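The structure under discussion appears below in the form of structure tokens.
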Amino acid sequence: MTLLEKIAQAGIVGCGGAGFPTHAKLNCKVEYFIVNAAECEPLLRTDRYLMIHHAKEIVAAVDQVAKLIKAQKIYIALKETYTREIAALQEAIDRAGSPAQLYRMKNFYPAGDEQIMVCDITGRTVPPSGIPLDVGTVVSNVGTMYAVYEATKGKPLIHKYITVTGEVREPVIVYAPVGTPISLCLQQAGVDLADYVVVVGGPLMGKQYTKEEAQTQVVTKTTSGLIVVPKDIPLVQQKETPLEVILRRAKTSCIQCSSCTELCPRYLTGHPLQPHKIMRKMAYGGDVSEMLEDVDLKQALTCSECGVCETYACPMGLQPRQVNIFVKSQYAKAGIRYQKPTESPTRRPEREFRRIPSKRIANRLGVGKYYDYQIDTLRTVSPNRVEIPVRQHIGAPSTPVVQVGDLVQEGQLIAAAPEKGLGANIHASIGGVVLSVGERIIIEGTQTAS
């Protein structure tokens with residue numbers, strides 16, 4: 001069995017958040033292979049834990065993948081402040097005689113954005129609405145590389161390492177089966193707040209759930225962090241602002257200072273995205289559905305939703321990101337997609353002087369108090385019941401291959417990727433009996449199943 005077949009069989013998807021099936025991404029030949037180890041979002045520590053404790057395995061997987069995709073230049077990109085991680089990886093590289101090199105990035109946001117990383121390392125700009133492959137590059141998360149290593153040993157992606165932090169008694173890394181209720185993960189860190197919000201992912205681009213909503217959420221293949229925060233901080237208040245209020249403020253309060261554009265990471269890499277012009281069109285235009293052919297408005301489709309514009313740049317406290325998200329939804333309703341330009345964009349020279357320190361943006365969000373910490377504690381969660389979604393990735397949902405009442409073993413295939421189309425296999429993360437098959441496959445552990 002080839003490495004690509006092992007990856008497909010193991011059901012590996014991008015562990016950095018997007019969830020693109022890895023066997024599809026690596027079915028190519030490129031010049032650059034970049035391993036993203038910079039952990040884009042403030043507060044997350046999962047990748048850092050993996051680099052410290054599993055550097056040997058990560059480097060082994062990097063070497064195998066680099067050979068698979070015929071990469072000539074191989075980089076593991078991480079922040080220069082990651083001293084322990086750098087030491088661990090460099091030792092593993094030296095011991096293995098690996099051709100991989102470490103690329104040390106400044107500690108800014110969003111350093112871990114793959115297009116920012118490609119621009120920094122290769123000097124090339126991924127075209128608007130494009131992917132790194134368009135400029136001869138593949139970018140893969142360091143957690144994904146660890147999953148690839150495990151796949152070479154016959155183990156599918158059924159467990160996740162997860163940062164649990166924020167307003168907790170002890171920030172920890174939790175090792176949990178896919179499908180574990182996130183409430184069990186939170187218990188490992190201890191939550192004393194009577195009411196709170198749980199951010200699944202990072203503070204800037206993660207999804208927010210109330211205490212009650214969080215009870216229904218489970219660990220998926222793309223879960224990287226759980227951040228517990230009080231409800232009265234800017235991070236939460238920004239997300240709770242009603243859309244009609246956001247749009248009304250955009251029309252009445254934007255002063256056209258262009259700060260949102262001047263600090264936009266996509267604009268600085270050379271993209272034509274200019275959020276202040278989109279705000280202007282919202283103020284002076286009519287119904288958005290009647291302006292969809294507008295050149296400036298159409299650039300909203302290239303927004304990465306990183307949040308720099310509204311969290312850091314805007315002096316009026318407006319929310320260009322949410323405006324862009326709304327505009328994008330109107331294009332989606334109309335079935336209009338962005339057409340990649342024929343000419344390659346080039347990064348703007350002022351880009352080097354407009355980096356945003358990660359800690360400063362964390363402070364703006366009201367989560368700066370959780371920024372400076374180190375996690376060395378690993379807690380393992382062993383639930384007796386898991387609820388495994390059949391859709392945890394980009395592409396079509398997986399097709400269940402088990403029925404109610406079936407006994408399954410840990411690691412057994414329970415939902416298969418579609419034969420035609422993009423998808424990923426899903427496996428049982430615990431042994432037990434299948435209780436339900438639907439949008440989630442529910443398994444309850446039994447003494448008779450292993």
Side-chain angles (χ1 to χ4, degrees), residues 12-17 19 37 39-54 57-58 84-85 141-147 149-150 155-193 196-203 205-209 211 213-229 367 370-371 373-389 392 410-411 426-432 440 443 445:
I12 299 174
V13 302
C15 295
E39 226 152 20
C40 185
E41 293 263 23
L43 309 188
L44 299 185
R45 297 291 185 273
T46 305
D47 290 351
R48 297 180 67 173
Y49 181 89
L50 288 174
M51 287 184 279
I52 292 171
H53 297 279
H54 296 288
E57 295 90 339
I58 291 168
R84 296 175 65 197
E85 295 81 0
N141 176 263
V142 70
T144 308
M145 287 298 99
Y146 182 67
Y149 173 82
E150 293 205 307
K155 184 176 180 180
L157 179 54
I158 57 174
H159 287 85
K160 286 291 293 182
Y161 288 88
I162 305 162
T163 302
V164 183
T165 189
E167 201 65 36
V168 297
R169 288 194 293 272
E170 181 189 9
V172 296
I173 298 294
V174 170
Y175 183 65
V178 170
T180 299
I182 67 172
S183 56
L184 292 183
C185 299
L186 297 178
Q187 289 176 13
Q188 305 305 307
V191 181
D192 293 327
L193 292 178
Y196 53 84
V197 167
V198 178
V199 182
V200 179
M205 300 179 73
K207 294 183 178 180
Q208 295 183 15
Y209 298 95
K211 178 182 177 181
E213 291 170 340
Q215 299 300 313
T216 66
Q217 300 302 309
V218 298
V219 172
T220 70
K221 293 181 181 182
T222 60
T223 305
S224 57
L226 303 173
I227 306 171
V228 179
V229 294
V367 295
Y370 317 121
Y371 187 86
Y373 71 96
Q374 182 174 301
I375 295 179
D376 287 310
T377 303
L378 178 69
R379 299 272 170 78
T380 300
V381 176
S382 301
N384 193 51
R385 174 188 170 108
V386 293
E387 298 187 13
I388 305 175
Q392 305 180 48
E410 180 181 315
I426 295 174
H427 304 78
S429 57
I430 65 170
R440 293 180 177 183
I443 302 173

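The basis for the numbers below is simple: all heavy atoms, side chains too, and nothing from hydrogens, waters or symmetry mates. Being a predicted model, the structure only gives us computed values, none of them experimental.
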Closest heavy-atom pair, L157 versus A147, reported as atoms and distance to 0.1 Å, is CD1-CB, 4.2 Å

For V168 and L186, run side-chain contact (heavy atoms from CB on, under 4.5 Å): C-alpha distance rounded to whole Å, both residues' side-chain angles, the deciding distance at 0.1 Å, then the answer. CA-CA 8 Å; V168 297; L186 297 178; 5.8 Å; no

Can you list everything that forms a side chain to side chain contact (heavy atoms under 4.5 Å, CB included) with Q215? Sequence neighbours excluded, please. S183, Y196

What's the separation between atom OH in Y161 and atom OG1 in T380, rounded to the nearest 0.5 Å? 7.5 Å

Taken in chain and number order and not counting sequence neighbours, the residues that satisfy salt bridge (charged side-chain N to carboxylate O under 4.0 Å, His left out) with R45 are none

Do you know the tightest heavy-atom contact between S429 and V178? OG-O, 2.6 Å

Within the distance-only criterion (no hydrogens, no angle test), does the side chain of Q217 pair as donor or acceptor with the backbone N or O of I182 below 3.5 angstrom? no

How far does OH of Y49 sit from CD of Q374, to the nearest 0.5 angstrom? 12.0 Å

Atom pair CZ (R440) and OG1 (T216), whose distance is rounded to the nearest 0.5 Å: 6.0 Å

In sequence, state the C-alpha distance, the side-chain angles, and the governing distance for V381 and Q188, and then conclude on side-chain contact (heavy atoms from CB on, under 4.5 Å). CA-CA 8 Å; V381 176; Q188 305 305 307; 3.7 Å; yes

Between E39 and S224, does a side-chain contact (heavy atoms from CB on, under 4.5 Å) hold up when you go through it step by step? CA-CA 10 Å; E39 226 152 20; S224 57; 5.9 Å; no

Does E150 have any salt bridge (charged side-chain N to carboxylate O under 4.0 Å, His left out) partners at least two apart in sequence or in another chain, and if so, which? K155

Determine whether a donor-acceptor pair (N or O, by modelled atom type, separation under 3.5 Å) exists between the side chain of T46 and the backbone of T163. yes

Has E41 got a side-chain atom pairing as donor or acceptor with M205's backbone, closer than 3.5 angstrom? yes

Grab the two heavy atoms, one from A176 and one from I162, that are nearest each other, plus how far apart they are. CB-CD1, 4.4 Å

Determine the minimum heavy-atom distance between V174 and V172, stating which atoms define it. CG2-CG2, 3.8 Å

Partners passing side chain to side chain contact (heavy atoms under 4.5 Å, CB included) against Q208 (at least two apart in sequence or in another chain): V197, V199, L235, V236, K239

Begin with the C-alpha distance, continue with both residues' side-chain angles, and end with the deciding distance and a verdict on side-chain contact (heavy atoms from CB on, under 4.5 Å) for V13 and Q392. CA-CA 9 Å; V13 302; Q392 305 180 48; 5.9 Å; no

What I'd like to find out is whether the side chain of C185 reaches to under 4.5 Å of the side chain of V219, using heavy atoms alone. yes

Which atoms form the tightest heavy-atom contact between V142 and M51, and what is the distance? CG2-CG, 4.0 Å

If you look at every heavy atom in P203 and I227, which pair is closest and at what distance? CD-CD1, 3.6 Å

When rounded to the nearest 0.5 Å, the distance separating CD1 of I388 from OG1 of T180 is 8.5 Å

Criterion side-chain contact (heavy atoms from CB on, under 4.5 Å) against Y146, the qualifying member of I58, D47, I12: I58

About how many Å separate CG of L44 and CG of L226, when rounded to the nearest 0.5 Å? 9.5 Å

Salt bridge (charged side-chain N to carboxylate O under 4.0 Å, His left out) partners for E85, two or more places apart: R48

Mind checking salt bridge (charged side-chain N to carboxylate O under 4.0 Å, His left out) for E170 and listing every partner two or more places apart, or none if nothing turns up? R379

